[in-house]
Amino acid sequence: MSDVKRTNRRAEKAKETRRRILAAASELFVQDGYGATNLQDVAEKAGVAVQTIYFVFGNKRALLKELVDVTIAGDDEPVATMDRPWYVAALAADTAQDMLRAYVAGTTSVLERVAPIGRVLEAAVASDPEVAALWPHDVDPRHVVQQGAARALAGKPGARAEVSVEEAADLLYGLLSPELYLLFVRERGWTRERWEQWVGETLRAQLCTMGGNG
């Protein structure tokens with residue numbers, strides 16, 4: 001076997017181990033809570049030695065940080081949300097209505113993944129203040145993403161001219177929030193489809209002209 005093939009196999013094996021650890025951590029953190037889950041539990045679930053987790057991630061806080069980042073992205077590729085194909089494609093739509101339809105669908109997929117782990121993160125921050133320090137507080141990345149969408153929307157046919165970019169970003173930020181998604185889907189039992197239809201119609205009513213509901 002060539003050195004290149006051997007190196008590629010090692011790299012793929014390492015990535016698979018990382019994915020197993022993250023999947024085990026996600027299941028246990030959601031099921032039992034961040035505080036009640038120790039790394040030995042995660043190791044047993046993932047089928048690895050606990051030393052492997054320390055080697056790969058460093059500690060439980062770092063494991064949670066990567067789990068949240070990967071859950072938001074949907075994979076472990078180092079690609080920011082604003083460079084993701086679904087985001088780029090949504091913002092490239094010809095009309096405001098078409099953009100919102102695609103953007104709401106893409107964001108709902110993110111919310112479906114993120115909402116359960118978001119509650120884990122809230123509990124983790126409450127029990128371990130050092131967890132909050134893993135994310136910078138000077139800029140809210142979710143708001144940056146919504147600002148980018150709002151700017152793109154403002155220049156499209158069918159967008160309400162009287163709605164500023166700042167207001168549009170606030171509406172996107174509030175209505176497409178994990179908290180609101182959880183309120184309707186988990187607390188009130190809505191399906192993903194019902195949520196997506198409702199939030200899409202609500203945003204179109206706020207951000208698009210009356211004639212643009214197609």
Side-chain angles (χ1 to χ4, degrees), residues 65-119 121-122 125 132 134-214:
K65 171 68 164 63
E66 181 147 351
L67 176 60
V68 171
D69 292 346
V70 167
T71 301
I72 292 171
D75 56 47
D76 54 7
E77 297 300 320
V79 180
T81 297
M82 295 175 77
D83 295 323
R84 292 267 160 183
W86 75 265
Y87 185 92
V88 174
L91 269 60
D94 292 333
T95 68
Q97 294 78 17
D98 288 342
M99 178 190 147
L100 273 178
R101 188 177 295 109
Y103 189 71
V104 166
T107 303
T108 301
S109 294
V110 174
L111 290 172
E112 195 171 36
R113 295 193 303 268
V114 169
I117 210 69
R119 287 200 162 178
L121 181 57
E122 286 179 11
V125 169
L134 297 173
W135 286 270
H137 292 280
D138 52 339
V139 175
D140 183 337
R142 196 168 69 79
H143 192 260
V144 171
V145 168
Q146 306 300 3
Q147 282 181 317
R151 282 193 295 270
L153 187 76
K156 295 186 184 295
R160 288 177 57 185
E162 69 273 20
V163 178
S164 67
V165 169
E166 291 75 15
E167 183 179 352
D170 286 346
L171 287 167
L172 291 170
Y173 184 82
L175 287 170
L176 294 174
S177 67
E179 295 83 2
L180 196 60
Y181 177 86
L182 276 174
L183 177 66
F184 281 93
V185 175
R186 177 171 292 182
E187 302 300 332
R188 302 311 309 155
W190 283 25
T191 63
R192 171 202 162 124
E193 292 73 22
R194 185 180 179 190
W195 155 264
E196 188 175 328
Q197 180 180 0
W198 172 80
V199 78
E201 290 173 353
T202 303
L203 283 168
R204 282 195 294 275
Q206 293 290 316
L207 300 176
C208 299
T209 57
M210 290 294 290
N213 293 320

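Given the structure is predicted, the values throughout are model-derived calculations rather than measurements.
- When all heavy atoms are compared, the tightest approach of Gln97 to Cys208 is NE2-CB, 3.5 Å.
- Looking at heavy atoms from C-beta onward, Thr81 lies out of side-chain contact with Val144 at the 4.5 angstrom threshold.
- Taking the six-membered ring for Trp and thresholds of 30 and 60 degrees, Trp195 and Phe184 have ring planes inclined between 30 and 60 degrees apart.
- The heavy-atom pair separating Met99 from Ala90 by the smallest distance is CG-O, 3.1 Å.
- Checked by atom type and distance alone, the side chain of Thr107 never pairs as donor or acceptor with a backbone atom of Val104 at under 3.5 Å.
- Rounded to the nearest 0.5 Å, atoms OG1 (Thr71) and CD (Glu66) are 10.0 Å apart.
- A 4.5 Å side-chain heavy-atom check between His143 and Asp170 finds at least one atom pair inside the cut-off.
- At least one donor-acceptor pair closer than 3.5 Å links the side chain of Arg160 to the backbone N or O of Gln206.
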Requested in this report: Could you walk me through whether Gln147 and Tyr173 pass side chain to side chain contact (heavy atoms under 4.5 Å, CB included), step by step?
Outcome: CA-CA 9 Å; Gln147 282 181 317; Tyr173 184 82; over 6 Å; no

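- Trp190 has its side chain out of reach of Leu183: every pair of non-hydrogen atoms, C-beta onward, lies at least 4.5 Å apart.
- Taken to the nearest 0.5 Å, the CD atom of Glu167 stands 8.5 Å off from the CD atom of Glu162.
- In plain terms, the two heavy atoms of Lys156 and Ala92 that are nearest each other are NZ-C, 4.0 Å.
- By the 4.5 Å heavy-atom criterion applied to side chains, Leu121 and Val125 are counted as neighbours.
- A donor-acceptor pair shorter than 3.5 Å cannot be found between the side chains of Gln197 and Glu193.
- Listed here is the closest heavy atom pair of Ala96 and Gly158: CB-C, 3.7 Å.
- Among all heavy-atom pairs drawn from Ala169 and Gln146, the shortest one is O-CB, 3.9 Å.
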Report task. I would like to know whether Val145 and Met82 meet side chain to side chain contact (heavy atoms under 4.5 Å, CB included); could you show each step before the answer? Result -> CA-CA 6 Å; Val145 168; Met82 295 175 77; 3.9 Å; yes

Query - Leu176 vs Leu203, side chain to side chain contact (heavy atoms under 4.5 Å, CB included): CA-CA, chis, key distance, verdict - result: CA-CA 9 Å; Leu176 294 174; Leu203 283 168; 4.1 Å; yes

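- A side-chain donor-acceptor contact under 3.5 Å links Arg192 and Ser109.
- Residues Ala154 and Val165 share a closest heavy-atom pair of CB-CG2, 3.8 Å.
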Query raised in the report: So Leu180 and Leu111, side chain to side chain contact (heavy atoms under 4.5 Å, CB included) or not? Walk me through it.
Result: CA-CA 10 Å; Leu180 196 60; Leu111 290 172; over 6 Å; no

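- To the nearest 0.5 angstrom, Tyr103 atom OH is 5.0 Å from Trp86 atom CH2.
- Tested against Leu153, the residues Thr95, Leu100, Leu91 include a single side-chain contact (heavy atoms from CB on, under 4.5 Å) partner, Leu100.
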